[in-house]
Structure formats: structure tokens, C-alpha cells
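Order of the sequence lines sets the chain letters (A, B, ...), proteins ahead of strands, with each chain counted from 1. It should be emphasised that the depicted structure is a prediction, and the values quoted were computed from it without experimental measurement.
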Amino acid sequence: MTGLEKYKQTFFDECEDRLADLDAALAALEDDTARNDALYEAFRAVHSIKGGGAAFGFEALVQFSHSFESALDVLASKKDKLDRQKVGVMIRAADLLRVLIDAARCDRHVDVSDWHDVAGALESLCGGSAAPSPEEDLGAPAAVAELPDGGRAPCVYRIYFKPYAGIFRRAIDPLAIIGELKELGDLSIEADMADLPGLADLDPKASHLGWTLTLCTVHGQDDVAAAFEFVEGDCEMSIERVETAPAVAPGGVPDGAPGGTADRGDAVAGFLTSRMASIRVSLDRVDHLVNMVGEIVIAQAMLTQKFKETAGGSFPELVDGLEQFAGHTRNLQDAVMAIRAQPVGTMFARMPRLVRELCEVTGKNVELLVAGEATEIDKTVIEELADPLVHMIRNAVDHGIEPPDERKLAGKPAAGTIKLGAEQSGSRITISISDDGRGIDRDAVLRKAIGLGLISPASELSGTAIDNLILTPGFSTAASVSDVSGRGVGMDIVHTNVKRLGGRMNIRSEPGVGTDIQLTLPLTLAVLDGMVVRIGTDSYVLPILSIVETLSPRAVRINSIAGSSDVLKFRGEYIAVVDMHKLFGQCASGGGEDRLAIVTETEGAGLLALMVDQIIGQQQVVIKRLDHKLADVPGISGATILGDGNVALILDPAAISDVLGPSGTAPDFDGPGPGYIQEMVA
Amino acid sequence: MTLQVLTVDDSPTVREMIGDTLSAAGYNVLKAEDGEQGLRVLGSNPVDLIITDINMMVMGGFDFIREVRSDDSYDGTPILVMTTEISEDFKQLGRELGATGWIAKPFDPDKLIKVIQQVTH
């Protein structure tokens, strides 16, 4: 990437953020108390896109953003209530804006006539006056070029500067001039090397280069021109004001105090600070960093373990030092992970609009309550989760919430409620989607599951177990899903996605009262607090968070039940026991007598006791994904390298309980067992 | 590194004022009363920047600039002209002779420092 191209990427990244802001602002429009703030936010988002677009000469984008912001401006100046129709126009306009941005990104042309209804509607919103004719000079100062704090909004200037060849004789350094411009604001530079001769003809005392500079500054054109004071007459130079540029930092709160006393210096300082508050870094670099830190964690664990094994007793200071090192490494890892974390709010912001659109289509009345937007989670998780979340919200409106009259008959308020929330607990976050609709139609689910052969007609399942059947792989692949009047459309696919992210999904539904879906996801996809255990000759890692209790050999009383798995009594309840030896084919007869039972918690399937030979220790491990050929081994979620350099597989208790199946019997594995995989990974 | 500045002016007051301003800003200041004396100072001292008056008795500013620019060893040295009148003709002549920039007299100390920083960037 060269010159402007590099900045284009940044611009398009920024557009994504602004579009998300715009969506959020438009969603807030219907709330009358927040109406003007929302209009202001929307205006700022559009305005910022326009400013950036102008710097790169995306004319269609700039023209339309201009109409759009004019309409927003007009709406803000009127005090009347915004009806659905007007909000609808704004939403369509946001769609078109997105299309135009995509077109600019791919260098495509958009036939705006396809969108003439939007343009027309915007124009009529403005009373037919505020929308500009295509010929209108976009350089004309916009109505809101003044910042709320009375400072000046930044402008973008495009400057061409090419000193004459003899400029160096006057000891003028073009770099000094560029440096001076840089002090005025944000500067991007592209060199014009058209007149640069070959090395043989190069006169080192002559100037051959020219520059195209794009300057975003709160200073006026005179200040910009002042930088060229001494070269004037000795260079080709032009300064052209492109457009008013974004003024306020993303997410910044507009300072509403009109007639503020902030002078221009403050405005500049504020602008610069806002620019410094965040930087854009390519994800590749962050991931590289994450990987390297992962390697450091492994190396540190290895070093500590080897040292303790060999010479730890003789060098207590070194042991202390290594422990400090371990602490710092952990902090480093947390800090690096935090770089990838993003608030779930970016993903939630799309939902109010989705609900509104679905309401229009279905004629239902739904209120969406959102909580916990600030909860942060790994960027990849957010990206992977966005579509499943849309799917679940769609399901909730479409299938969960009843039409208004049906709700009234059931004694419920006409408007349904969907709650979308996020909450962090330990190293996991839980995202919940709950509605007060009709709940899952268990009869239909049961019929379908039997029809698909997922369960036998003789099975007796609890209500919750039936609800969770819709998560079973293959449940929604049947052609017709319309006989399921509750949820179920593609829920198994959502479940698969969530599982791939190391997450769990759990459904609780009560007929007539509503449905509650919980997604539990790891905060990061890269590290795990693990308990290292020995099963037979191999080491395995169990996620610490899944462990409820460890039972000593004396405490373990295993009862065999014919036709089912073994059980043991734990806190007054019988829970299923999994003989890990048998499960992983370590030896046919199982392990020795002095084995331990680790009681683990699985979302959805309750408690499960895993019989292992020995607990080796607790360790933070770096998760390495298994090759896709090995990815589907039941009960295994990944692999890691232990302190001693050996590979260990990471166990997934919930997946182990899936292996057991609803009846609680552990089938034998087909195909390669974990022992084989361990060899392959190593 | 401390930059060394030569100021050439026939007015002791102006020399003093420039000297004080620049010393306070951390520059080393050499002084000369006219162009000829200026050339002698240049002959025996390394100088990073020259500030010169135009109207001087023995050798005027323009002649001084012409002399300095005829010596290759001062190729990269900025020369600022300080004068009461900055006309277009004057700028044109200054450019042709090789002056780097100009400052109006009486000078604003802050502006002087800013311009010096600008040309010695």
C-alpha cells in the first residue's frame, strides 16, 4: 500500500465504526427524550463519513452524505415528534450510505437511481430546500461547522507543493515546511517523483520532488499558507480546502455548553488528544503479539518446572525471581488479551433496528431491553457471534413473542419484551436472550426429534431436555420447520458456532411464560486456567472453571446401575461417573483402586464425575487448536504444551457428557482415540 | 547542540535586543556591525544561522548575502533578513540572492524564535 491507499483503509475502518454509531443513534431516535442527542450523534457520524470521503474524492458518497446530514440537521431544528415513517427514511438512508461506502471501497459505481425513493424522501423531509443540487459547492461551510464548544471544526486541505530546483541555494528545507504543517494537524503526504532524474543526471544541489499533502486541521487557510511564506514565488504551490472534517472523537460526548469560552488553542489540544486516545493496529500484528506472548508463557512454565525439579531447593532467591517472572508473564498476557477485547455493545447496537424491522414485518409489538453493553470480549468471538445473535433475536420475535391479540387473551401486556444482556463472571461471559413469549412447543419438538431419529419414541425426557433437543446437530436440517411453532429454526447451527468458540448454550423455556437462552463464552480464545491430570500414561488438562470438587479415593463410592453408567452420590444426589480410562481406551479394565473423582459442572447436563489417576497441578495453558482433521474428536476441545514440553489434550466436560448421551451410557469411540491424537499432535 | 547565530546590524540596540532574545532561547550569538565585519566573523567561526539588516554603511545586507552565497561552505546556512520594509520587490531580490526568509522590524521576539526554529528545523 502506498500513499493515500494506506489512509483509505483507515478511512473504511473508521466508516464501519461510524455506521455502527449511526445505527445506534437511529435506534435511539424513537425515544423522544433522547431525540436531539440521537440526531446529533447521527449527524456527526454522517458528517464524519462525508469529511473523510471528500479527502479521497468519493463524490457519490460525499453528495449523498451531504443530503443525509442536511435532512438530519433540518429534523434537529424542528421540534415536532419523529414518526415511524421519518425514522424509516433515516434507516433506509443509512442503508444507502453503507452501499455507497462499499462501492467506494471496491471502486464500484452505484446506480443511485435505484435509491431515488430515499433521496426523494430525504428531500421532502428537508422541505425540498436543504438537499443540495449535485452542482452545489461542497466546499461551502456546513451549517454546523462550529463545534458545540465554540471552537472551530477541523477542515481538510489538499496542498500541492513543488519547490523550484534552486530552492536549496536559499537554505530552505522543504522538510521543515512539511514539519510545520504537521504541527497544524493531521498530515498525510504523498511524494511526486515524476521529475526525479536518474542517478547519472541527478544534481544533488537541486530539488526534484513535489508533494501532495492532505492536512486535517482546525487552523484556517491563512495559517496553512503561512508555512509557505518564504518559498512563495520559488515553488509551485496550491492550497485547496476539501471539506469540513470530523471534529469529535468516536464515542466522545458532545459538550453541549453553547457559547463556551474555549479558545482555538483548546480546540486544537482537544482535537489532538482525541486523536491520541486510540490507535488503529492491524489484527495481524496483535495476533502475532498474542502468539509470541503465548510462547513466552509456555517457556516460562517450562523453565519454572525444570528449575524446581532440578535445583530449586538450593537457590531460594531464584525461585522467588521465577515466581515474580510468572506473575509478570501473566499480567503481560492479560494486557495483550485486553487489546483484542471489544465491548459487546458494538454487536448489540444492531439489534434494536432488527427488532423494529421484524415488528413491522410481523405486526408484533416488541420492546428490546439491552444491558451490559460495556462487557468486553475477544474480537473474534464478537465477530463470530454477531450472526448467531441476529438469528436468535429473529427467532425470539418471530416464534417466541405472540401477536398482540393472542397475548391479550393470555393475560399478558400487548407488547412483548426481549431482554438482551451480557455479564462477565470469571474468565467467561454469559450472553442471555430472554423473551416473555409463548415458550417452546415441546410436543412439536418431540415429534420432530422422533421423526428425525434423534431420540427413540420410548424416551422419557424432562421438559428442559426436550427444549435442548433443538440444539442437537441435524435438528433443523429437515426441509420443513414450519411444524415447529416454537423456536428451532437453525438453533443447532447457532449451537455449533458457539461450541466452536469454546462456548456453551443452554435453553430454559416455560410454556406460555417465555424462553431464556444463555450463551456462555470464554473471554479469550487463547488461554485457559487448567488442572493437569494424569489418565493412564498421558496428561490431560481440565478447565479449572468447570471443576466443582475433587473427591479423594476414600470418599468415592461408585454404584453400578444395570443398563446405565456408574453413578456416585455427591451432596445428596446421584451423578454420572465417567471412567476416563475406558473412555479413552487406556486399558480395558480401568485404572487402579486409588483413583480420584473430579466433579465437573456442565452447562445443560448438570454434574459429571470424571475418574482420573492423579492430579498433577494447576497451570495456565495456551490453547492450541487441533488440526481440522482431528477437530471433531468427542470430549476434546484442543491441545496445549505443558511445562515439561509434552503435549496434553484439553478435556471438555460438557462434550464428554454429550458423548454419554441422554441415557447416560458411554459408547465406545469409533476411529482414532485421543491417545492416537496425542501422538499425532506431538 | 547549541546553535550559533550571527546577527549583522549597524544598530547596537537591535544587536543587543536580538542577542538577548536569542541567548534567552538558548542560542549562542555572534555580533557584527556591518557586512564586512560579518564576513570576517564567518571566516573564523562556524555559524548555523545568519540574521542580517539591509541598510548598513560599509557593506549592505544584499551585498553581504551575495558574498555569503558565493561561498560553497555556507550552502546550507539559512539567512534571515530583518528589515523595516518588506515589499514584493524586496522579497524578489532577496530570493534571487539566496535569502531564506524575512522578519519585519521591529521584531516580535516570539515570532523571531519561531521563524528561526522553522528554518533550522
If you take all heavy atoms of B/Y74 and B/N45, which pair is closest and at what distance? OH-O, 4.0 Å

Taking side chain as everything from C-beta outward and backbone as N, CA, C, O, which of these in [X] sits under 4.5 Å from a heavy atom of chain A? Side chain, backbone, both or neither.
| X | answer |
| --- | --- |
| B/R95 | both |
| B/I65 | neither |
| B/L80 | side chain |
| B/T77 | backbone |

So which of B/G76, B/G94, B/A99 has the biggest tally of heavy-atom pairs under 4.5 Å with chain A? B/A99

Taking NZ, NE, NH1 and NH2 as the nitrogens, is one of them in A/E190 or A/R158 under 4.0 Å from a carboxylate oxygen of the other? no

Got a donor-acceptor contact below 3.5 angstrom from the B/R66 side chain to the B/L97 backbone? no

Check: B/E33 main-chain N/O paired with B/Q37 side-chain donor or acceptor under 3.5 Å: yes

Do B/E96 and B/Q92 get their side chains close enough for a donor-acceptor pair, meaning under 3.5 Å? yes

